[in-house]
Amino acid sequence: MDKYRVTLTAEERTNLEQLVSRGKAAARKLTHARILLLADDSRADAHADAEIVAALSSSPRTIARVRRRFVTEGIEAALDPRPRPARPEKIKIKGDVEQKLIELACTDPPRGRCHWTLRLLADEMVVLGLVDTISTETVRLALKKTTSSRGSSSAGASRRTRTPSSSGAWRM
């Protein structure tokens, strides 16, 4: 892999030094600024990657990535992290599919089973054609947000038990 040479202008160097001395930025941004300052070839005190790794407790891959982004994309790209892709929604099943899952979980389990497992529910939803693929974790999350409980008149996972009286009086 070719090493990218970092050459900072005087203005870029003063801006980076101010950023680091202020210390009011994200930790990653400050680390990248320190990497650029230490890797600057325009100064006589340019450091090798191994020295930068030791000084900043960073990985050699991070230093190579910051160098490459500075040379190819500019100083702002080297300082700021890349925008991450949008995360998908946590619950992937909604509406009618969720209702069918709850109905399925409340029915009798398949022959030879005493209760529904998450894997059985996920497989049955695929067999019924409700979804193409579904993980057991998605089934778990969808069932977790329901408040119904098949075995109790009240909602919730555990039943309320009567606590004995602490007064010491015996009931006859």
Side-chain angles (χ1 to χ4, degrees), residues 1-102 104-105 116-148 155-157:
M1 180 176 93
D2 291 331
K3 186 173 170 182
Y4 291 92
R5 302 237 176 247
V6 174
T7 307
L8 297 171
T9 63
E11 181 183 345
E12 289 171 337
R13 186 162 188 80
T14 56
N15 287 342
L16 289 175
E17 286 171 346
Q18 286 176 355
L19 179 70
V20 169
S21 67
R22 246 185 281 131
K24 294 283 186 180
R28 179 183 293 161
K29 189 172 190 172
L30 292 173
T31 302
H32 288 195
R34 288 183 183 105
I35 289 170
L36 290 174
L37 286 170
L38 291 173
D40 185 14
D41 283 340
S42 65
R43 307 267 303 205
D45 60 345
H47 299 282
D49 285 359
E51 295 171 354
I52 298 172
V53 166
L56 299 178
S57 299
S58 188
S59 70
R61 181 76 181 106
T62 300
I63 293 163
R65 192 179 322 111
V66 171
R67 282 181 180 270
R68 179 178 45 81
R69 287 192 71 194
F70 174 77
V71 172
T72 58
E73 301 174 38
I75 192 165
E76 289 303 319
L79 291 177
D80 295 325
R82 279 213 167 99
R84 305 213 184 259
R87 290 187 61 178
E89 294 184 36
K90 285 193 177 239
I91 303 291
K92 296 183 180 178
I93 56 175
K94 294 181 180 174
D96 294 338
V97 177
E98 183 179 8
Q99 184 178 356
K100 296 282 186 190
L101 171 64
I102 295 168
L104 183 63
W116 283 102
T117 63
L118 295 176
R119 171 131 339 182
L120 282 173
L121 287 169
D123 292 344
E124 188 66 22
M125 288 185 67
V126 172
V127 168
L128 292 174
L130 297 173
V131 291
D132 294 333
T133 60
I134 190 168
S135 70
T136 55
E137 180 66 9
T138 304
V139 172
R140 185 189 72 80
L141 289 174
L143 291 175
K144 181 181 176 185
K145 72 179 203 177
T146 63
T147 58
S148 64

Assess whether atom [atom1] of [X] is packed by more than 12 heavy atoms of other residues, nucleotides or ligands within 6.0 Å.
X	atom1	result
Arg140	CZ	yes
Gln18	CD	yes
Asp96	CG	no

Specify the closest pair of heavy atoms between [X] and [Y], including all atoms of both residues, with the distance to one decimal.
X	Y	value
Ser59	Thr62	OG-OG1, 2.8 Å
Glu98	Ala142	OE2-O, 3.9 Å
Ser58	Val53	O-CG1, 3.2 Å
Arg68	Arg82	NH1-NH2, 4.5 Å
Thr7	Ser42	CG2-CB, 3.9 Å
Leu104	Trp116	O-NE1, 3.2 Å

If we ignore hydrogens and angles and just use 3.5 Å, is the side chain of Asp40 paired with the main-chain N or O of Leu8 as donor and acceptor?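 Yes, because the side chain of Asp40 sits within donor-acceptor range (under 3.5 Å) of the backbone of Leu8.
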
Working to the nearest 0.5 Å, report the span between [atom1] of [X] and [atom2] of [Y].
X	Y	atom1	atom2	value
Asp41	Lys3	CG	NZ	7.0 Å
Ile35	Thr31	CD1	OG1	6.5 Å
Ser57	Ile52	OG	CD1	13.0 Å
Met125	Ile134	CE	CD1	4.5 Å
Leu19	Glu12	CG	CD	13.0 Å
His32	Leu79	NE2	CG	8.5 Å

For a side-chain contact (heavy atoms from CB on, under 4.5 Å) check, start with the C-alpha distance between Leu121 and Leu143, then their side-chain angles and the critical distance, and finish with the verdict. CA-CA 11 Å; Leu121 287 169; Leu143 291 175; 3.7 Å; yes

Passes side-chain contact (heavy atoms from CB on, under 4.5 Å), Thr117 versus Thr136? Steps please. CA-CA 9 Å; Thr117 63; Thr136 55; over 6 Å; no

Contact check, side chains of Leu38 and Glu51, non-hydrogen atoms, under 4.5 Å: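 No. Closest side-chain heavy atoms not under 4.5 Å.
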
Please assess Val131 against Thr138 for the test side-chain contact (heavy atoms from CB on, under 4.5 Å), listing each intermediate value before the final yes or no. CA-CA 12 Å; Val131 291; Thr138 304; over 6 Å; no

